[in-house]
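What follows is one structure encoded as structure tokens, with my remarks underneath.
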Amino acid sequence: GSIRAKDDSVYLSVGASNDYSIHHDTHTYIENTTGELRLYQSSTDWYSIWTKPSGGSITRRLSVSPNGSVTIGSTSSGDVTEATADLIITDATEASLYFNDTGAASGKKTGRFDFIDGIIKWQKMNDAGTSVTSTPFQIDASNDASFGGLVSMTGQYLSINAGGTNAAITTNSDTMHFMADTNANG
């Protein structure tokens, strides 16, 4: 049979001290005041939390597999997946990992790694984390790297730009070349 309470502000309490309760008013609450609240999935299926946005369909948001990996997101592989100490971030356009240091000085709080079309970038952001202020580090799909636009490694060239002077260190077979060009002609 079923237990039904058709009124709001009704509690279902369990335990000698009523230390576990389910309560409903305009929201629904599960409260445990003693020990751990354990949710146990006894089959080999995933434990999942689903939501239904207004006007949308029921969508999986968080899943825990029988082996303990955690997936956050609505796709089958998730937007963020943790399994055996690997963190996998998946997105259709770009995958970003944000960092927010709440104890840092203003202007130094937020940054992110982006992976877009084979290019990985470290980007500094404003304190709110809403816009990129600079890209001081980047590695592209060809393994070429740049550091703040002042130092770059492209193919066999290491280029340094300091104060309007371009300098380069190149290798050719067994010879190393040092070049300087104050006119930025390469």
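Scope of the values below: all heavy atoms of this structure, side chains included, with no hydrogens, waters or symmetry mates.
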Who pairs with [X] by side-chain contact (heavy atoms from CB on, under 4.5 Å), at least two apart in sequence or on another chain?
X: Phe99; answer: Leu97, Phe113, Trp122
X: Ser142; answer: Asp140, Asp144
X: Asp117; answer: none
X: Ser65; answer: Trp46, Asn67, Ser69

Looking at residues at least two apart in the chain, or sitting in another chain, which of them share a ring-ring contact (aromatic ring centres under 6.0 Å, His included) with [X]?
X: Phe147; answer: Phe137
X: Tyr11; answer: His23
X: Tyr20; answer: none

* Search all heavy atoms of Ile119 against all heavy atoms of Ala141 and return the closest pair with its distance. => CG1-N, 4.4 Å
* Structure fact -> Note: Ile139 and Asn143 closest approach over all heavy atoms is CG2-CA, 4.1 Å
Linked, directly or transitively: [X] and [Y] (ILVMFWY side chains, under 4.5 Å):
X: Leu62; Y: Leu39; answer: yes
X: Val132; Y: Ile120; answer: no
X: Ile22; Y: Val14; answer: yes

* **Selection residues 9-32 - residue pairs positive for salt bridge (Lys or Arg N to Asp or Glu O under 4.0 Å), sequence neighbours left out** =>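 Output for this query is empty, none listed.
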* Using the test side-chain hydrogen bond (donor to acceptor under 3.5 Å, both in side chains), find all partners of Ser146 that sit at least two apart in sequence or belong to another chain. =>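 Per chain and number, Ser146 pairs via side-chain hydrogen bond (donor to acceptor under 3.5 Å, both in side chains) with no residue.
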* With sequence neighbours excluded, residues passing side-chain hydrogen bond (donor to acceptor under 3.5 Å, both in side chains) with Gln123 ->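 With neighbours one apart ignored, the set is Arg112, Thr135.
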* Cluster companions of Ile58 among Ile, Leu, Val, Met, Phe, Trp, Tyr (side-chain spacing under 4.5 Å) ->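 Via sub-4.5 Å side-chain contacts, Ile58 links to Trp50.
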* To do: Classify the side-chain pair Ser48/Ser63 by whether it contains a donor and acceptor separated by less than 3.5 Å.
  => yes
* With sequence neighbours excluded, residues passing salt bridge (Lys or Arg N to Asp or Glu O under 4.0 Å) with Arg4 -> none
* To do: Would you mind reporting whether Lys52 and Ser57 have side-chain heavy atoms less than 4.5 Å apart?
  => no
